[in-house]
Protein chains: 2
Amino acid sequence: MAPPESLVERLRRRTDWRLTAQRRVVAEAFEGAHVHLTAEEVLDRARHRMPEISLATVYNTLNELVALGELQPLQSGRGRPRYDPNTAQRHDHLVCLGCGAIHDVHARGRVELPQAERFGHEVVAHETIFKGYCPRCRRDR
Amino acid sequence: MAPPESLVERLRRRTDWRLTAQRRVVAEAFEGAHVHLTAEEVLDRARHRMPEISLATVYNTLNELVALGELQPLQSGRGRPRYDPNTAQRHDHLVCLGCGAIHDVHARGRVELPQAERFGHEVVAHETIFKGYCPRCRRDR
DNA sequence: TCTATATTTAGAATCGTTCTAAAATCAGGC
DNA sequence: GCCTGATTTTAGAACGATTCTAAATATAGA
């Protein structure tokens, strides 16, 4: 699978949203694969490149990116929400029930929701969450 | 499909956890199908039967039931966590992106996670989340 | 009934997030 | 290059949800 275009790259192309210095360091926090950060982790990473950035700006930016469809909020299990920059490609998630770590995965097979089970909903997407224990948490049990 | 045993019924059988009057009214809040309540909704329903029950007890009880595996916390989309009493039967969820309502459903088909995508995890469960718009929210768009 | 343990409770404390209003920055027109 | 209005950032206050604390109550078992 070709590596997806990065969040910063996608944002650079947008004309409806200014990519300021602060917004760029927030977006750059999401570089890499399997990156699903909490707001606090984004602040940590952003401060690394721009120590004076404020918490309010991090929250503002995360909320704007969600509204633009450039970040998907993930609420897996316990704890605060995490943000997934991989919005361009359909994918599934593997979450560790021990430590909460999340990997992007692609399930094999196909599922669909029969009409009788839709309760009148218009279904627009689906995602499968696999739950388990990562090597480290498996050892600690 | 046979209706699953209710939460209260399951709790009655436990010997490791006292089913006090307060805990019973909390558990009774989850009677019915497609019931996925927030803590606040549980408090409302519990007060109906026991007006003097405290918020702290509701939170205590919800957390204990999650630890016992009798409730599954759901974090669908935005908003506070909801609790699902249907832990005995594998099932999937259909969530409305407009209002956040959740239905229990059973997907048709089969998915699995290839070994190469497991990153060393021991996979113990999976769940598919279908996202869409309920009849009411579809109309409001 | 007595005693030790478990449970409940009100209210304070904490935590994550949003709000507010002032300061800083920026784009476009001169 | 400088104004000017609009946008963005910011510190700190405010807020809402949840957890904590420590005292009161209820319970099980002797």
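The model shown is predicted, which means the values in this text are computed figures rather than measured ones. In what follows, chains carry the letters A, B, and so on, assigned in the order in which the sequence lines appear, proteins first and then strands, with residues in each chain numbered from 1.
Scored by the side chain to side chain contact (heavy atoms under 4.5 Å, CB included) test, B/R90 finds B/D92, B/H126 as partners (sequence neighbours excluded).
Rounded to an integer number of Å, the gap from CG of A/L43 to C1' of D/dT9 is 14 Å. In this entry the distance linking CD of B/E41 with P of D/dT18 reads 11 Å, nearest Å. The separation between A/E64 atom CD and C/dT18 atom P is 12 Å, rounded to whole Å. Distance, B/E40 CD to D/dA17 P: 6 Å, rounded to whole Å. Rounded to whole Å, the distance from CG on A/N63 to P on D/dT8 is 14 Å. For A/D44 and C/dG16, the CG to C1' distance is 14 Å, given to the nearest whole Å.
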Passes side-chain contact (heavy atoms from CB on, under 4.5 Å), A/F30 versus A/H36? Steps please. CA-CA 8 Å; A/F30 289 93; A/H36 306 93; over 6 Å; no
Please report the C-alpha distance between B/W17 and B/L65 in whole Å, then the side-chain angles of each, then the deciding distance to 0.1 Å, and finally whether the side-chain contact (heavy atoms from CB on, under 4.5 Å) criterion is met. CA-CA 10 Å; B/W17 195 72; B/L65 290 175; 3.7 Å; yes
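Counting only N and O atoms by type, the side chains of A/T87 and A/R10 include a donor and acceptor under 3.5 Å apart.
The shortest distance between side-chain heavy atoms of A/H93 and A/D104 falls below 4.5 Å. Side-chain contact between B/V124 and A/F130 is absent, with no heavy atoms from C-beta onward closer than 4.5 Å.
Residues from residues 7-26 of chain B with heavy atoms under 4.0 angstrom of DNA chain C, sorted by number: B/R18, B/T20, B/Q22, B/R23. Contacts between residues 46-61 of chain B and DNA chain C, defined by a heavy-atom separation below 4.0 Å, involve B/E52, B/I53, B/S54, B/A56, B/T57, B/N60, listed by number.
For A/R47 and A/E52, the salt-bridge test fails: no basic side-chain N is under 4.0 Å from an acidic carboxylate O.
Classified by interplanar angle (parallel below 30°, tilted 30° to 60°, perpendicular above 60°), the ring pair B/H103/A/H121 is perpendicular.
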